[in-house]
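Handing you a structure now.
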2 protein chains.
Amino acid sequence: MVLSKACTYGVLASLYVAKQSENKSYVSIRDMSNELRISFHFLTKILQKLTAEGILQSHKGPKGGILLAREARNITILDVVLAIDGDKVFTECVLGLPGCGSERPCPMHNHWITVREDLREMFSTKTLAATSDDIRELGLRLSIE
Amino acid sequence: MVLSKACTYGVLASLYVAKQSENKSYVSIRDMSNELRISFHFLTKILQKLTAEGILQSHKGPKGGILLAREARNITILDVVLAIDGDKVFTECVLGLPGCGSERPCPMHNHWITVREDLREMFSTKTLAATSDDIRELGLRLSIE
DNA sequence: CAAATAAAAGACTCTTTTATCTTAAATTAA
DNA sequence: TTAATTTAAGATAAAAGAGTCTTTTATTTG
């Protein structure tokens, strides 16, 4: 798996919040966990990380929940991935050799760095705004159902 | 990590065997584990899988060890990856949604399938023969050192 | 202020992956 | 045929990832 489970949940949750953010009220984590079919407590932990990283903002108490901390067009899926999984996928050697790079390359290095960059590009070109528009217009899925 | 640790060890080991296979004698797993700095017993299990999958052949007893089961130019790195990790990386949804595909795509599907295919292509175009030639000619690394 | 609500935080469990250790089986060679 | 060597197999352990449960803290509303 390219992304950890926590990371895919974080991306799905961010897109869910972006999609709801026309209503200016906070998005309930409980509702989101029901709709996305993600364990509530596990989701909570992931969202806490995204909040700590300045991607989401949260509010306790009745009518509380979470919101995007910045405008949806200023947050990319790469931002969410980096916040949860870090940049390992985009920097590591595909054969796991420490210190692999142009000076001391592994047998796959030159080919791998192009694929790795394509992967990063894929995540960086998609903003939450544009992606949630796609979801609405094309009827794309965010959950198991 | 795109590949499991077991899988990266399997690829490194296969390349090591290919590189040694000018000498027609069996390659010692013990020597290989020392040179590649991979735990002997863990490596043994991985090689057993590759043997079971028909990529390697083994021989017990003194002067025993392993060899490629086919010619190095007829084994690709993809073969090794599929034998150990299966085809999950090349078929799964990047957001982990079960049943994601062109009929019921996730928000990243269309972009992801191109990256996924590039990844498969990277592994499938490299034979053990060509890659071990590269290693010799360009002095590439197979181990931590 | 008190009660209800909802996120935050931390402890804990389960599963999978990675790694180690021990014993068994096969083969070679003296 | 016996001793040494080397892979095979299985049991166990350690670490990481995924998921659950309980308690605490902050906020709203009656």
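All chains are named by letter (A, B, ...) in the order of the sequence lines, taking the proteins before the strands, and each is independently numbered beginning at 1.
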| Separation of atom CG in B:L47 from atom P in D:dT6, rounded to whole Å | 15 Å
| field | Side-chain donor or acceptor of B:R116 paired with backbone N/O of B:E92 under 3.5 Å | value | yes
| task | Grab the CZ-C1' distance between A:F40 and D:dT23 for me, whole Å please. | result | 14 Å
| note | Between B:P62 and B:M1, the residue closer to the 5' end of DNA chain C by nearest nucleotide is B:M1
| remark: Separation of D:dT27 atom C1' from A:Q57 atom CD, nearest Å, is 15 Å
| Distance test, side-chain N/O of A:S39 to OP1/OP2 of D:dT20, below 4.0 Å | yes
| Proximity to the side chain of B:F42 - top-ranked nucleotide from D:dG19, C:dA7, C:dT18 | C:dT18
| request: Indicate, with a heavy-atom threshold strictly under 4.0 Å, whether B:T51 touches base, sugar-phosphate, or nothing. | output: nothing
| query | Where the side chain of A:Y9 is defined as all heavy atoms beyond and including C-beta, which of C:dA7, D:dA9, D:dG19 is the nearest nucleotide? | reply | D:dG19
| request: Look at the side chain of A:K63 and decide which nucleotide, out of C:dA11, D:dT29, D:dA8, has an atom nearest to it. | output: D:dT29
| said: Distance check needed: D:dA9 C1' versus B:K49 NZ, whole Å only. | reply: 15 Å
| message | Side-chain N or O of A:S58 versus OP1/OP2 of C:dA8: is the shortest distance under 4.0 Å? | response | yes
| request: Spell out, as yes or no, whether a donor-acceptor pair under 3.5 Å connects the side chain of A:R141 to the backbone of B:R104. | output: yes
| query | In whole angstroms, how far is the P atom of C:dA8 from the CD1 atom of A:I66? | reply | 8 Å
| Polar side-chain atom of A:D134 near backbone of A:L140 as donor-acceptor pair, under 3.5 Å | no
| field | A:K60 side chain, from C-beta outward: closest of D:dT28, C:dA6, D:dT20 | value | C:dA6
| Minimum side-chain heavy-atom gap B:F90-B:L78 below 4.5 Å | yes
| So, is B:Q48 close to the D:dA9 phosphate, meaning a side-chain N or O under 4.0 Å from OP1 or OP2? | yes
| query | With the threshold set at 4.0 Å, does a side-chain nitrogen-carboxylate oxygen contact exist between B:R70 and B:D79? | reply | yes
| Can you tell me if the side-chain N/O atoms of A:H41 get under 4.0 Å from OP1 or OP2 in C:dA11? | no
| message | Distance check needed: D:dT7 C1' versus B:H59 NE2, whole Å only. | response | 10 Å
| message | I need the CZ-P distance between A:R30 and D:dC21, as an integer number of Å. | response | 11 Å
| message | How many whole angstroms separate atom NZ of B:K45 from atom C1' of C:dT16? | response | 16 Å
